Amino acid sequence: PVRNPYRLMQLSTLDEQGWPVSRTVVLRDADARARALYFYADRRSAKCTQIAVDPRVALTALSPCGLTQVRMEGLATLVEDIGHRRRCWSAARDKTQALFRHGAVPGQVIESPEVAYERILGGFEHFAIICIEPRALEWLDLTRPVQQRARFLRHEGLWQSSWLAP
């Protein structure tokens, strides 16, 4: 399969003081019927805790050449369907599964980088899937002499579009 050129995105959540926190996430699936985007995460991570407290999130992605930007706002949830989680876990590469097999909590101070490679756990117990249902999307094209920008808002299940001044 062809990789989505926008698979690396910046996910922003709000911390316990209300400050935005951004980090890179990897787009794992996009389901047009469900109108949802899916990302993997460690269940113990700050992002999962932050989503549980406040599901409002933002995503930003740049095209590989950096001349097209997509921004989204939406509501995030953790997928609780164990069958869905097991299917995704089984399909994940060893390199991906390794992220969940060490005993350290993401962001925790560790003695050395090698600690993150120690296989302590099976990993599935920490494997989470974040589902984001976008409610707004902005597209910015920087390739033209006059940049183009458009906004798409989902209202009552339908997308409405408008052009914006760049």
Side-chain angles (χ1 to χ4, degrees), residues 1-93 96 99-100 106-107 124 126-166:
V2 175
R3 285 187 165 188
N4 185 320
Y6 294 94
R7 72 185 176 282
L8 297 178
M9 298 184 174
Q10 296 299 308
L11 171 66
S12 299
T13 56
L14 298 172
D15 71 11
E16 47 284 340
Q17 286 85 35
W19 289 97
V21 180
S22 298
R23 79 283 282 159
T24 301
V25 292
V26 179
L27 177 65
R28 300 298 180 166
D29 192 19
D31 186 336
R33 277 188 305 195
R35 296 183 176 140
L37 304 173
Y38 296 92
F39 305 86
Y40 298 164
D42 190 308
R43 198 169 277 286
R44 303 166 296 170
S45 68
K47 68 179 152 277
C48 288
T49 301
Q50 291 160 357
I51 286 168
V53 172
D54 187 341
R56 295 175 299 160
V57 299
L59 289 163
T60 304
L62 286 174
S63 63
C65 64
L67 295 175
T68 306
Q69 174 184 272
V70 176
R71 293 188 315 127
M72 289 175 256
E73 299 164 1
L75 296 176
T77 57
L78 297 181
V79 173
E80 296 301 334
D81 179 338
I82 193 79
H84 185 179
R85 288 180 53 229
R86 283 195 193 284
R87 284 189 301 278
C88 290
W89 176 257
S90 296
R93 299 179 309 168
T96 300
L99 297 170
F100 305 94
F124 181 74
H126 300 303
F127 179 69
I129 303 170
I130 298 172
C131 172
I132 299 175
E133 295 182 26
R135 64 167 223 39
L137 183 143
E138 278 195 21
W139 166 82
L140 177 64
D141 182 356
L142 302 172
T143 63
R144 300 173 181 267
V146 176
Q147 300 167 1
Q148 291 185 342
R149 183 175 169 199
R151 182 162 177 85
F152 303 86
L153 294 173
R154 196 162 78 190
H155 180 70
E156 297 179 2
L158 300 173
W159 288 98
Q160 299 172 348
S161 62
S162 56
W163 289 105
L164 301 175

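Just so you know, these numbers come straight off a predicted model, no measurement behind them.
Residues Glu138 and Leu164 meet the side-chain proximity criterion, which asks for heavy atoms closer than 4.5 Å. At least one side-chain heavy atom of Glu133 sits under 4.5 Å from a side-chain heavy atom of Arg154. The shortest side-chain heavy-atom distance between Leu14 and Trp19 does not fall under the 4.5 Å cut-off. By the 4.5 Å heavy-atom criterion applied to side chains, Gln148 and Val146 are not counted as neighbours. For the pair Pro64/Pro5, a side-chain contact is recorded, criterion being any heavy-atom separation below 4.5 Å from C-beta on. Between Phe100 and Arg43, every side-chain heavy-atom pair lies at or beyond the 4.5 Å cut-off.
With hydrogens and angles ignored, the 3.5 Å screen pairs a side-chain donor or acceptor of Ser45 with a backbone N or O of Asp42. Between the side chain of Arg35 and the backbone N or O of Gly157, at least one donor-acceptor pair lies under 3.5 Å.
Remark: Arg85 qualifies as a cation-pi partner of Phe124 under the 6.0 Å distance and 45° angle criteria applied to the six-membered ring.
His126 has its ring centre no less than 6.0 Å from the ring centre of Tyr40. In this structure, Phe127 has its ring center closer than 6.0 angstrom to the ring center of Trp89.
Within a 6.0 Å sphere centred on CZ of Arg7, heavy atoms belonging to other residues, nucleotides or ligands number more than 12.
Glu73 has no carboxylate O lying under 4.0 Å from a charged side-chain N of Arg56, or vice versa, which leaves the two without a salt bridge.
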Requested in this report: Would you sort out whether Val57 and Leu75 count as a side chain to side chain contact (heavy atoms under 4.5 Å, CB included), showing the intermediate values?
Outcome: CA-CA 6 Å; Val57 299; Leu75 296 176; over 6 Å; no
Report task. Test Arg151 against Trp163 for side chain to side chain contact (heavy atoms under 4.5 Å, CB included), laying out the working first. Result -> CA-CA 6 Å; Arg151 182 162 177 85; Trp163 289 105; over 6 Å; no
**Report entry** Thr13 and Arg23: CA distance, side-chain angles, deciding distance, side chain to side chain donor-acceptor pair (under 3.5 Å) verdict
**Finding:** CA-CA 9 Å; Thr13 56; Arg23 79 283 282 159; 3.0 Å; yes
Query raised in the report: So Leu37 and Met72, side chain to side chain contact (heavy atoms under 4.5 Å, CB included) or not? Walk me through it.
Result: CA-CA 11 Å; Leu37 304 173; Met72 289 175 256; 3.6 Å; yes
**Report entry** Evaluation steps, side chain to side chain contact (heavy atoms under 4.5 Å, CB included), between Leu78 and Glu80
**Finding:** CA-CA 6 Å; Leu78 297 181; Glu80 296 301 334; 3.9 Å; yes
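With Leu11 as the partner, the side chain to side chain contact (heavy atoms under 4.5 Å, CB included) test is satisfied by one option alone out of Leu59, Val21, Leu27: Leu59.
Judged purely by distance below 3.5 Å, without hydrogens or angles, the side chains of Gln69 and Thr60 never pair a donor atom with an acceptor atom.
In terms of heavy atoms, Thr68 sits closest to Trp139 at CG2-NE1, 3.5 Å. Between Leu153 and Ala136 the shortest heavy-atom distance is CD2-CB, 3.5 Å.
Atom CG of Asp81 is separated from atom CZ of Arg86 by 11.0 Å, given to the nearest 0.5 angstrom.
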